[in-house]
Amino acid sequence: MAEKFDNLEEHLEKFVENIRQLGIIVSDFQPSSQTGLNQKLNFMITGLQDVEKCRQQLHDINVPLEVFEYIDQGRNPQLYTKECLERALAKNEQVKGKIDTLTKFKSLLISELGKVFPEEMAKYKAIHGDDPPS
Amino acid sequence: MTEIFSTLFGQNDSQPATGPAALGFGPGKPPQLGGSPPGNPSRRCRQTKRRWRLRFQDSSGMRGLRCENPNCPVNTDLTGNTNLITHYSLEHAFNKFCGKKVKEKLSNFLPELPGMIDCPGIQDGSSLRSLIEKPPVCGNSFSPLTGALLTGFRLHTGPLPEQYRLMHIQPPKKKSKNKYRHHRPQDPLPPETPSDSDPKKKKKKRDDDPDRKKKKKDKKKKKNRHSPDHPGLTGSQPNSLR
């Protein structure tokens, strides 16, 4: 899987470098630069062909759209991953807190019901099994 | 940061097992009743349970503590009580992204990418969102440009106008090799074509790293020219003391 990304990354780096050199040639163009310019233009097309070939290997890769917002704002996309993990941990802690609270409530409710309705609770425990008080 | 969830979720070992057994919910064992109705065993079981419910309700006036809603969610082993980061083996990723400080700018993620990439894409129309909203025309194959098509790329000689030069300016890098140019944005590498005639280009080329050595040599040549012992115009010969 990493090889597919390495391959694409390599092609993109070459493509970007080619474009950069093309921009340098164009920034101060001379008549003798024409052949070099033509060569760079054709390199650009072959670079796009190479990237097109890589697309077939990566058709099953899904990218969340929220990452694009980070990139458009000029922010590091790793911040999105970081925030996802932090939100997952926070939600995990929140749900665990709810579970713990409800477990405590349940044991407290059973103990109090046992005081008010001892016979009924005895029947309940006989059916559901003895629940250890928390 | 790993200590946060390890201490929080480390109590699971001492806690009783989760699941229906611990929570007390779920299908319990109905009391054995005499004269079970004949027929389908599952139907018989349902009828038994229904009778048990009615009896329980009649005797105490209190409904049983069990979920009678058939749409109740199924109890699963994986709940919020489990540390999901550990469950999905994401500790390494968590420590990598949340343990260390992640730099804010996009150029820190892509240091080798040229241009001003830290600016918002909306300013120069290079945003990915616009690419999604207005996708380019696809489906055509990429074919190399022929000679006739390349004639359309014949450019005028000379430098670009000022308004377009800014596209090549890169943001100042902290770790620049040349200490004297840290306050200036670095210009791109000079082209390979000979363009040394203009003095402005000479000034630009002085800022580039590969040409700095050449400029040092030029300065030495100039010094040699001004000296009375200058051998000639080339200046490549070393000074000779007379």
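Naming: A, B, ... by sequence-line order, numbering from 1 per chain.
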**Request:** For B/Q123, check side-chain contact (heavy atoms from CB on, under 4.5 Å) against everything at least two apart and list the hits.
**Result:**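 Per chain and number, B/Q123 pairs via side-chain contact (heavy atoms from CB on, under 4.5 Å) with B/C119, B/P120.
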
**Request:** Please look at B/S130 and chain A and tell me whether the side chain, the backbone, both or neither of the residue comes under 4.5 angstrom of a heavy atom of that chain.
**Result:** neither

**Message:** With a 4.5 angstrom heavy-atom cut-off, is it the side chain or the backbone of B/I132 that approaches chain A, or both, or neither?
**Reply:**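 The side chain, not the backbone.
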
**Message:** I need the residue from B/S143, B/A93, B/G147 with the largest number of non-hydrogen atom pairs under 4.5 Å to chain A.
**Reply:** B/S143

Quick check on the interface: out of [options], who has the most heavy-atom pairs with chain B under 4.5 Å?
| options | result |
| --- | --- |
| A/P77, A/A88, A/P31 | A/P77 |
| A/N42, A/D72, A/L65, A/L79 | A/D72 |
| A/K82, A/R75, A/K91, A/E119 | A/R75 |
| A/L37, A/I71, A/V16, A/T81 | A/T81 |
| A/Q49, A/Q73, A/K98, A/E13 | A/Q49 |

**Asked** For A/E69, is it the side chain, the backbone, both or neither that has a heavy atom under 4.5 Å from a heavy atom of chain B?
**Response** side chain

**Asked** What part of A/E52 is in contact with chain B, defined as an atom under 4.5 angstrom from a non-hydrogen atom: side chain, backbone, both or neither?
**Response**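 Just the side chain, heavy atoms under 4.5 Å.
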
**Request:** Could you tell me whether A/K123 and A/E120 make a salt bridge, using a distance below 4.0 angstrom between a side-chain N and a carboxylate O?
**Result:** no

**Asked** Would you call A/D100-A/K96 a salt bridge at under 4.0 Å N-O?
**Response** yes

**Asked** Does the side chain of A/Q34 pick up a donor-acceptor pair with the side chain of A/N38 at under 3.5 Å?
**Response**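 Yes.
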
**Request:** Decide yes or no for A/V95 and B/T79: does some side-chain heavy atom of the first lie under 4.5 Å from some side-chain heavy atom of the second?
**Result:**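 Heavy-atom side-chain distance check fails, nothing below 4.5 Å.
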
**Request:** Hey, could you give me the CD1/OG distance between A/I25 and A/S33, rounded to the nearest 0.5 Å?
**Result:**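 Between atom CD1 of A/I25 and atom OG of A/S33 there are 6.0 Å.
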
**Message:** Holding to ring-ring contact (aromatic ring centres under 6.0 Å, His included), I want the full list of residues that pass it with A/Y70, two or more places apart in sequence or in another chain.
**Reply:** A/Y80

